Q: 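Below are the structure tokens for one structure; questions will follow.
The structure displayed is predicted, hence computed values, not measured ones.
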2 protein chains.
Amino acid sequence: MKFESQPSYSLGQRTPASREAAAGESGGNVTLVSQAALGAINRGRVLQALYDNGPKSRADLARLAGVNRTTITGIVQPMIEDQLLVEGDASPSDVKGGKPARPLYFNHDAPMLGAVLLLPGTIQACLVALTGEIKAVTKAEFDPLGDTEAFIAVMTKTLTATLSEAQQAPFGIGVASAGMIDSDNGTILTVNLAPVLTGLPLVAILQERFSLPVVIDHHPRALLVGDRWFGPGRGQQNFAAVYTGEVLGGAFFIDGKVYRGLAGSGGELGHSVVQIDGALCNCGKHGCWETVAALPWLRKEAARMGLPHPKSITCARLVKEADEGSNAADELLDRYTRNVAFGIVNLQQTLSLNSYVLHGDVAGGGVRAAELIRQHVEQLVVKRPGQEISITVNGIGEGHTALRGAAGLVLSSHLKLVI
Amino acid sequence: MKFESQPSYSLGQRTPASREAAAGESGGNVTLVSQAALGAINRGRVLQALYDNGPKSRADLARLAGVNRTTITGIVQPMIEDQLLVEGDASPSDVKGGKPARPLYFNHDAPMLGAVLLLPGTIQACLVALTGEIKAVTKAEFDPLGDTEAFIAVMTKTLTATLSEAQQAPFGIGVASAGMIDSDNGTILTVNLAPVLTGLPLVAILQERFSLPVVIDHHPRALLVGDRWFGPGRGQQNFAAVYTGEVLGGAFFIDGKVYRGLAGSGGELGHSVVQIDGALCNCGKHGCWETVAALPWLRKEAARMGLPHPKSITCARLVKEADEGSNAADELLDRYTRNVAFGIVNLQQTLSLNSYVLHGDVAGGGVRAAELIRQHVEQLVVKRPGQEISITVNGIGEGHTALRGAAGLVLSSHLKLVI
DNA sequence: ATAAGTTTGTGCGAAGTACAAACTAACTGC
DNA sequence: GCAGTTAGTTTGTACTTCGCACAAACTTAT
């Protein structure tokens, strides 16, 4: 399947990319900003402002960005003509009269985003509208120990099925994958439990088959992006997403952009050390955060304390049983949330992002777990005047956030907000 | 003392600042890039390329930045006319003939940078040339428990003495200070051992007295900037500076810019937790990194192990005694460097910067200490294919790096490399 | 010695961008 | 009906980068 049509205005995908490539070839470490790139950057920022703040008039956007109204007109007019944006009905003027503003927002029928969630053994693909709605979900399974060609066949078939439901060419395809991902080079390095994926240059493969921009990143980073574009991180310039479950992970949104680290390796928090010479971790080291704040620890402690059905214990059940009056559950919940808090404390001491969105098991514990973690973090962090730490839970289902995040990866790279 | 003259080309100080202020007033979180800002940004990047790569011809710079040669000419010509840059002698052409290139570099007589290092009880001020040379060092002492007015008087007098030796108006004044600093608002929050500084809006005070741009940041961040502009971090896009001594601290250079965190509070690594419920820390918490990797721990262990003169033990002496055959020193050195390594490991797992510059006590241990730390980090970190971790020591004296870093703070803010 | 080839650096016009001023459109309040 | 206010557009200006052409300065081959 191939898509040809592209919007008349460049969103900066081509030019800066080729520029960077050129600079890369000559080994340069500086990149000047060209005139054309400038336009793309500003177009991207206007779109992001629309995302972050919801429907806004041209005048509002101009005020928000501190630029001239005419600049905004120049930016949005081609987008309206291309039906990426639509003008809403005139909203009544608020105070002292004046011409009513016409709010702008994304066209419901604008091109969508392809999204793939890749976990050991399963593939989920879908289309995500710019407004966040999910459509055309397709699921498939693959043999984690099988043949590479077989996997590619399943992946292609699944994605083709989903993309064929799009009315127009999607902006691109975003892939969120478990495991260790090299997002710079678009390859999967290793996925525990799915050796078939080891070393797979998935971006190159999909780009070739679908002739669309393709982006890949690891699961926690997709959650982060999902939070940023469509969840509680919307509009924020600094926050972290923290995932807890069988393993621990995190991702950071710093100064308005996704932090990736070299070759996309930042945020592997599970194996930061919180207990020198502590318990043995799966990674072979001792005292990793994962040894005290992941589900295996919780199951072990639940069994030790004699809680019912310790093998299937979750934060959600712990909260429920604590709410029902179980002292043991209450105590374990407190210790669990405290252990989770230590990782967040170290993050806070390091980056001082002040805002954290929880995912995974601990998110199942809802507001109560989040509040407990917040209290522990507050106690364990060195206080600064005027500093407030917020811990929130993403209420939307886990899979949906990851899929939306995969879609958001495309937006982030497409809008090229980084210079 | 007031300075009036300013270079004819803007380096972006005024416009973006006022732009940001305007956007801030209206509560906006996006900022479009203006035409004028674009020029300032590119001018800044050309200058940074000159810093990072040493003297380069226009053609080289154009290749390095991936832009047209004429663009570089347009950027550097006014700077040459303003005597910020100078054209060197024609260097002999290297291979196939052609017109010999004229390398450009900073004019030795260009405006300098004012730098202040503020530690409890002492002030150091100096001028730093764009080439890194330090001139007109002035030192003074103040009463850490004394009167605010008295401190300001000493500070003003010291700085006036230094600045009066400048031939032209410096580009600005950079202040590196111990303690907790709010670099966004330019105030000192708290300094242990110097209560007189608590809450002092030093930037506003100095800006008013000297009519120059003033920047303040905390000590580790000044070391980072010193490394970046004039030390082992030169030309690097990602690295961290780590300070060990009576306390621990760090600062990060991420994707080509100094990371500050909200209100400049990132990098307070000393109180990240590496030992849940471990030893009591000065901060009132338990198991902070500072409890196992700072000098108080080293002194305590040296005493426990019966090493000579444990109260004045340093990493430098430990290395010397270990080199001379002391098994106890060797063993303690290994444990000390391992404990230091844990903090770097957590940083690496979080941000994956791959490159660390050591300062403070552990830097006194030279290459041997750095290599030991590197080995421990390699062992304790989760390996990624193709990932190399570098640990280096800044050979230049501590004070000089901090002063150069304070100067570099001005450059960083003046060049406005961030958009 | 001469010619050819190569590289550097500089005018000049074109294209693209944001901005300011002045304008029209649309609504409120008196 | 008219003044006041706000939204959005038109028009002209200033600034920046880019591509092309060209002179200057050097090397190499004949």
Q: Under 4.0 Å between a side-chain N or O of A:R63 and OP1 or OP2 of D:dA7?
A: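 Affirmative; the distance criterion is met.
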Q: Starting at CD1 of A:I72 and ending at P of C:dA18, how long is that distance when rounded to a whole Å?
A: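 After rounding, the reported distance stands at 9 Å.
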Q: Can you work out whether A:R69 or B:D60 has the more 5'-proximal nearest nucleotide on DNA chain C?
A: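 With A:R69 and B:D60 compared, the 5'-side residue is B:D60.
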Q: How many whole angstroms separate atom CD of A:Q77 from atom P of D:dA7?
A: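 After rounding, the reported distance stands at 16 Å.
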Q: Partners of A:T73 by side-chain hydrogen bond (donor to acceptor under 3.5 Å, both in side chains), sequence neighbours excluded?
A: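 If we apply the side-chain hydrogen bond (donor to acceptor under 3.5 Å, both in side chains) test to A:T73, skipping adjacent residues, there are no hits.
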Q: Over all strands shown, is A:R58 touching base, sugar-phosphate only, or nothing at heavy-atom distances under 4.0 angstrom?
A: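 If one applies the 4.0 Å heavy-atom cut-off, A:R58 turns out to touch the sugar-phosphate alone, with no base involved.
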Q: Atom CG of B:D89 to atom C1' of D:dC26: distance rounded to whole Å?
A: 16 Å
Q: Check A:D184 with A:R260, please: is the shortest side-chain N to carboxylate O separation under 4.0 Å?
A: no
Q: Rounded to the nearest angstrom, tell me the gap between atom CG in B:L104 and atom C1' in C:dT10.
A: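 B:L104 atom CG is separated from C:dT10 atom C1' by 14 Å.
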Q: Where do N or O atoms of nucleotides 10-16 of chain D meet protein N or O atoms at under 3.5 Å, pair by pair?
A:
unit_1	atom_1	unit_2	atom_2	d
D:dC15	O2	B:Q35	NE2	3.0
D:dT16	O2	A:Q35	OE1	3.3

Q: Counting N and O atoms only, with roles assigned by atom type, does the side chain of A:R228 sit under 3.5 Å from a partner on the main chain of A:R234, one being a donor and the other an acceptor?
A: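 Side chain of A:R228 to backbone of A:R234: no pair is present.
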Q: Does B:S183 offer a backbone N or O that forms a donor-acceptor pair with the side chain of B:D217 under 3.5 Å?
A: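 Answer holds: no.
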Q: Would you tabulate the nitrogen or oxygen pairs shorter than 3.5 Å linking the protein to nucleotides 24-26 of chain C?
A:
unit_1	atom_1	unit_2	atom_2	d
C:dA26	N3	A:K99	N	3.2

Q: Residues in ring pair (Phe, Tyr, Trp, His ring centres under 6.0 Å) with B:F252, at least two apart?
A: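 Counting only residues at least two positions away or on another chain, B:F252 forms no ring pair (Phe, Tyr, Trp, His ring centres under 6.0 Å).
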Q: Judged by atom type as modelled, is there a donor-acceptor pair below 3.5 Å linking the side chain of B:D227 to the main-chain atoms of B:G233?
A: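 Absent.
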Q: Atom CG in B:L85, atom CG in B:L50: separation rounded to 0.5 Å?
A: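 Interatomic distance, B:L85 CG to B:L50 CG, rounded to 0.5 Å: 6.0 Å.
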Q: Got a sec, which residues hit side-chain hydrogen bond (donor to acceptor under 3.5 Å, both in side chains) with A:E133, two or more places apart in sequence or on another chain?
A: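 A:E133 satisfies side-chain hydrogen bond (donor to acceptor under 3.5 Å, both in side chains) with A:H108, A:T131 only.
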Q: Whole Å only: how far is the CD atom of B:E87 from the C1' atom of D:dA25?
A: 14 Å
Q: From the set C:dT10, C:dT8, D:dC18, return the single nucleotide nearest to any side-chain atom of B:V67.
A: D:dC18
Q: Can you tell me how far C1' of D:dT6 sits from CZ of A:R102, to the nearest Å?
A: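 Rounded to whole Å, this separation is 15 Å.
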Q: Please list, chain by chain and in numerical order, all residues satisfying side-chain hydrogen bond (donor to acceptor under 3.5 Å, both in side chains) with A:N238, sequence neighbours excluded.
A: none
Q: Specify the separation, in whole Å, of atom CG of A:L61 and atom C1' of C:dC19.
A: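 Computing the A:L61:CG to C:dC19:C1' distance gives 17 Å.
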